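Here the structure comes first, spelled out in structure tokens, and everything after it is commentary.
Note that the structure is a prediction, hence the values are computed from the model and not measured. Protein chains get the first letters and strands the later ones, always in sequence-line order, with residue 1 at the start of each.
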2 protein chains.
Amino acid sequence: MKTNTQLKQILQSEGFRYTPQRQMVWNELRKMGGHHDCEEIYDELKSKGTRVSRATVYRTIDVLARNGMVRKLEVGDGIARYEAKEDEDHHDHMICLDTGDIIEFYDEELERLQEKIVEKHGYTLVKHVHQLFVKKK
Amino acid sequence: MKTNTQLKQILQSEGFRYTPQRQMVWNELRKMGGHHDCEEIYDELKSKGTRVSRATVYRTIDVLARNGMVRKLEVGDGIARYEAKEDEDHHDHMICLDTGDIIEFYDEELERLQEKIVEKHGYTLVKHVHQLFVKKK
DNA sequence: TTCTTTATTGAGAATGAGTCTCATAAGAGT
DNA sequence: ACTCTTATGAGACTCATTCTCAATAAAGAA
Ligand SMILES: [Mn+2]
Ligand SMILES: [Mn+2]
Ligand SMILES: [Zn+2]
Ligand SMILES: [Zn+2]
């Protein structure tokens, strides 16, 4: 569980300022849990009376993503979604085409295989996108 | 190699009309080879003096994609790219973060593993997106 | 071939997620 | 408290993609 102090340290170590807006966006996304877009975060904050502008939500989410606090997820509907990265391990996503549900999965062997393939081509793996679009059986 | 007659059959079997514009978009994408966005297809057609509107390129590409003639590829820059699906087998993509190059790869075991994981969760795999973002070693 | 029906097209307007501008506010170091 | 610089808010703006609608042309019938 990342504390606000840790958020402060991470931001400041990169030359970013530790502002109340950034705290609010970060804490809100953590509290919400799951995968959410900027508009949802903005609405949630607004409904609580806190004043964080839409632009700041977008900017903050971007800062957090660049610093590994948050993960960006694009499922193909043109809306970027984000999830707070606590201490949890890496995982990929299954998206149910019936319900829109996002199920997380992790497979050791799958991760290894990707590395192997990339190496075979003379490259280094920086990141990957792996999404399985499924239907209920 | 898909012939124009095959294009006609596929379109008409789905109730779509076999129009010169659709032939031009399809043949142009095939001729170009590789992964291209709608603007590139539009420009290419325009440079050859053929008159196909931008809207029609977008609409046609969508029709072709829905009918398995074309594959959509989103690499995260907000521009959808497409590639003609001839008779070639399935493949996924490595995107070089240095050059923007798109390298195709296929791994039997990887494909099998995905199926296994999805089944384990009680779902059926409909499609998947697997992109490896890499850097030159 | 001509007629009818209905999908398609072109041109440009509209959409909308995300970005940018700029004047004002406020972190952080001294 | 002062200074320097980054962050914020409000709204304008971007730009890929979609939509509108009048005009056009496939496809099937006769
Ligand atoms: Mn997740
Ligand atoms: Mn390809
Ligand atoms: Zn993974
Ligand atoms: Zn694959």
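For the pair Val25(A) and Val52(A), the minimum side-chain heavy-atom distance is below 4.5 Å.
Whole-Å rounding puts the Met24(B) CE to dT8(C) P distance at 17 Å. Atom CG of Asp77(B) and atom P of dA16(D) are 10 Å apart (whole Å). Distance Tyr42(B) OH to dA16(D) P: 13 Å, rounded to the nearest Å. Taking atom CZ on Arg81(B) and atom P on dA16(D), their separation rounds to 11 Å, with Å as the unit. Atom C1' of nucleotide dG29(C) and atom NZ of Lys8(A) are separated by 12 Å, given to the nearest angstrom. Whole-Å rounding puts the Glu40(A) CD to dG18(C) C1' distance at 16 Å. Phe16(B) places its CZ atom 21 Å from the P atom of dA25(D), with the value rounded to the nearest Å. Atom CD1 of Ile61(A) is separated from atom P of dT19(C) by 12 Å (rounded to the nearest Å).
With hydrogens and angles ignored, the 3.5 Å screen pairs a side-chain donor or acceptor of Thr50(B) with a backbone N or O of Leu45(B).
Phosphate proximity of dT19(C) to Arg54(A): absent, as no side-chain N or O sits under 4.0 Å from OP1 or OP2. At the phosphate of dT17(D), OP1 or OP2 sits under 4.0 Å from a side-chain N or O atom of Tyr58(B). At the phosphate of dT6(C), neither OP1 nor OP2 sits under 4.0 Å from any side-chain N or O atom of Arg17(B). Proximity of Thr19(B) to the phosphate of dT9(C): a side-chain N or O atom is located under 4.0 Å from OP1 or OP2. Of the side-chain N and O atoms in Gln21(A), one or more sit less than 4.0 angstrom from OP1 or OP2 of dG9(D). Proximity of Ser53(B) to the phosphate of dA11(C): no side-chain N or O atom is located under 4.0 Å from OP1 or OP2.
Considering only the side chain of Gln12(B), dA27(D) comes nearest among dT9(C), dA27(D), dA17(C). For Tyr18(B), taking side-chain heavy atoms from C-beta onward, the closest of the listed nucleotides dA27(D), dA28(C), dT9(C) is dA27(D). Side-chain atoms of Ala55(B) lie closest to dC19(D) of the nucleotides dA16(D), dC19(D), dT9(C).
Nucleic acid contact for Glu39(A): none, since no nucleic acid atom lies under 4.0 Å from a heavy atom of the residue. Contact annotation for Arg59(B): base contact, defined as any heavy-atom pair under 4.0 Å involving a base atom.
His36(A) and Glu44(A) share no donor-acceptor pair across their side chains, judged by distance under 3.5 Å alone. Using modelled atom types and a 3.5 Å distance limit, the side chains of His35(B) and His93(B) yield a donor-acceptor pair.
Heavy-atom contacts from other residues, nucleotides or ligands closer than 6.0 Å to NZ of Lys135(A) number more than 12.
Nearest-nucleotide assignment on DNA chain D puts the 5′-proximal partner with Gly15(A), out of Gly15(A) and Pro20(B).
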